[in-house]
Amino acid sequence: MFQQVSDAVISRAILREFSKWLEDYITSDVIIVGGGPSGLMAARDLAKEGFKTLIIEGNNYLGGGFWIGGYLMNALTFRAPSEKILEEVKIPYKEVQEGLFVSDAPNACSKLISAAYDTGAKVLNMTRFDDVVYRDKRVEGTVINWAPISALPKQVRSLDPISLESKVVIDATGHDASVCRSLAKRNILKLADFGPMDANASEDLVVEKTCEIHPGLIITGMAVSTAYGIPRMGPTFGGMLVSGRKAAEIAMKILSGETKKEPSVKEELTI
Ligand code: 48F
């Protein structure tokens, strides 16, 4: 029934394809760390505008907290006006009261992942952000390693990572704010911690404070709440999508300014 192909040929196809595109993405316009709703939304908007966009995700799967709603219940809530984004990315929803919308979580999550892929974003999954590439007081990329390495016993964990360069990095790592933390531990940045629950206050504030927090580094989603001490918001997701969109817009402004300057990525890898 199936085409005859040897096992060696299958292995070669995997290796060749992976190494070809990884080599290409050693430099990109934007690296988004974290493939939850805010990171996926930013990736979708950036790739749609033709920017070379790479998502780094520590898990095997994308989606972060977008796979399920509160208390393990399969319903995600969104408040107006974020239903407009649901329509754009073709996520079905229903209005349960004026301005409050509900979607089926696995369907919404898989549609957002598809939307990011369909516009051309690339993904390195099972890959953990380890550190920033930092030159001239500017974030210019990420240091990464295979995610399983962090689970190894300490005596064998000192396995060197590699670096990827980009003109902009977006921290979309949720409450961890992993990229910001790598600057905070060197006193380059000061982080607060997220406050107790208040969805009404939090959603607006997360969007308002989505910004370029340090030259070359943009924050989005719940990383914003960790960085600025904003209340947590629980299982409502419109703010994640709108914050991701704002992060993409900020990145595009930086990138369009950069086209006039020398690219910050100084040399391509040639083997
Ligand atoms: O947590 P997450 O979904 O972040 P988000 O986009 O959305 C938050 C909501 O899901 C929810 C909420 C608001 O409604 O409270 O929690 O802000 O996704 C973050 C992603 O980043 C990955 C992590 O596995 C997850 O998929 N991540 C975190 N740290 C790292 C990482 C790291 N060091 N390296 C790679 N990926």
Side-chain angles (χ1 to χ4, degrees), residues 31-45 54-73 75-79 82 85 101-103 105-106 108-109 112-113 116 123-132 141-151 161-162 164 169-185 193-207 209-210 218-228 230-248:
I31 294 174
I32 298 171
V33 186
S38 63
L40 287 168
M41 190 67 221
R44 182 260 185 195
D45 281 4
L54 177 67
I55 298 175
I56 289 170
E57 170 53 56
N59 287 323
N60 192 17
Y61 57 89
L62 293 165
F66 207 46
W67 281 110
I68 203 153
Y71 201 59
L72 301 184
M73 293 183 282
L76 304 177
T77 60
F78 303 86
R79 294 187 298 154
S82 56
I85 296 181
F101 307 90
V102 173
S103 283
C109 193
L112 188 59
I113 295 168
V123 176
L124 265 183
N125 50 342
M126 293 299 281
T127 299
R128 279 199 76 73
F129 165 86
D130 189 54
D131 209 344
V132 286
T142 60
V143 179
I144 57 159
N145 219 334
W146 296 114
I149 286 178
S150 58
I162 58 167
L164 306 177
V169 172
I170 298 180
D171 187 345
T173 58
H175 288 298
D176 293 350
S178 308
V179 187
C180 291
R181 232 168 259 294
S182 72
L183 296 181
K185 74 181 182 201
D193 204 352
F194 61 88
M197 189 81 88
D198 181 354
N200 266 322
S202 177
E203 229 173 359
D204 284 8
L205 279 170
V206 162
V207 174
K209 296 282 188 189
T210 299
I218 296 167
I219 43 168
T220 183
M222 290 317 282
V224 178
S225 107
T226 296
Y228 286 106
I230 292 169
R232 57 188 296 190
M233 76 174 67
T236 187
F237 289 86
M240 299 299 98
L241 303 181
V242 178
S243 168
R245 169 152 290 174
K246 186 175 174 191

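Atoms within each ligand, like the ligands themselves, are counted from 1 in listed order. These numbers were taken from a predicted model, which means no experiment stands behind them. When reading the values below, keep in mind they use all heavy atoms of this one structure, side chains included, and skip hydrogens, waters and symmetry mates.
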Any donor-acceptor N/O pair, S103 side chain to A108 backbone, under 3.5 Å: no
Per-atom contacts, ligand 1 versus D176 - under 4.0 Å to a heavy atom: 28 (C), 29 (N)
Nearest neighbour in protein (non-hydrogen) for atom 9 (C) of ligand 1: F237 CE2, 3.7 Å
Atoms in ligand 1 flagged as close to T127, the criterion being non-hydrogen separation under 4.0 Å: 35 (C)
Option of least heavy-atom distance to atom 31 (C) of ligand 1 (set: T173, N60, L62): T173
Any donor-acceptor pair under 3.5 Å from S202 side chain to P231 backbone: yes
Protein residue, atom and distance nearest to atom 4 (O) of ligand 1, heavy-atom basis: G174 CA, 3.4 Å
Atom indices of ligand 1, in the order listed, that fall short of 4.0 Å to a heavy atom of G36: 3 (O), 6 (O), 18 (O), 20 (C)
Any I144 heavy atom less than 4.0 Å from ligand 1: no
For atom 15 (O) of ligand 1, the protein heavy atom that lies nearest, with its residue and separation: M222 CG, 3.6 Å
Option whose closest heavy atom lies nearest to atom 19 (C) of ligand 1, chosen from A42, P37, G64, A172: A172
Heavy atom of the protein closest to atom 7 (O) of ligand 1 (residue, atom name, distance): M240 SD, 3.3 Å
Protein heavy-atom partner closest to atom 35 (C) of ligand 1 - residue, atom, separation in Å: G58 N, 3.2 Å
Backbone or side-chain N or O of E57 under 3.5 Å from ligand 1 N or O: yes
Closest protein heavy atom (residue, atom, distance) for atom 6 (O) of ligand 1: S38 OG, 2.7 Å
Atom pair OG/CG of S225 and L205 - distance to nearest 0.5 Å: 9.5 Å
Check: M240 main-chain N/O paired with S38 side-chain donor or acceptor under 3.5 Å: no
Which segment of D130 sits under 4.0 Å of ligand 1 when only heavy atoms are counted: neither
Under 3.5 Å side-chain donor-acceptor pair for S243 and T210: yes
Which residue and heavy atom of the protein sit nearest atom 34 (N) of ligand 1, plus the separation: F129 N, 2.9 Å
Donor-acceptor contact present, side-chain T127 to main-chain I144, <3.5 Å: no
Under-4.0 Å heavy-atom contact with ligand 1, by part of A147 that carries it: neither
Ligand 1-proximal atoms of R232, by part, heavy-atom distance under 4.0 Å: neither
Any P235 heavy atom less than 4.0 Å to ligand 1: no
Those atoms of ligand 1 less than 4.0 Å from some heavy atom in G221: 17 (O)
Residues, nucleotides or ligands: over 12 heavy atoms within 6.0 Å of W67 CH2: yes
E57 side chain vs L62 backbone, donor-acceptor pair below 3.5 Å: no
Reported CG-to-OG1 distance for the pair L76 and T236, which is rounded to 0.5 angstrom: 9.0 Å
Distance filter under 4.0 Å to S178 heavy atoms, resulting ligand 1 atoms: 29 (N), 30 (C), 33 (N)
Within 6.0 angstrom of R232 CZ, more than 12 heavy atoms from elsewhere: no
Sidechain-backbone polar pair: N125 side chain, Y61 backbone, donor-acceptor under 3.5 Å: no
Donor-acceptor pair between D130 and N145 side chains, under 3.5 angstrom: no
contact_flag G234 ligand 1 heavy-atom lt 4.0 Å: yes
Residue and atom name of the nearest protein heavy atom (relative to atom 10 (O) of ligand 1), distance in Å to one decimal: G65 CA, 3.3 Å
Side-chain heavy atoms of V33 within contact of I170, under 4.5 Å: no
Atom indices of ligand 1 within 4.0 angstrom of N59 heavy atoms, with elements: 24 (O)
Sidechain-backbone polar pair: K209 side chain, V224 backbone, donor-acceptor under 3.5 Å: no
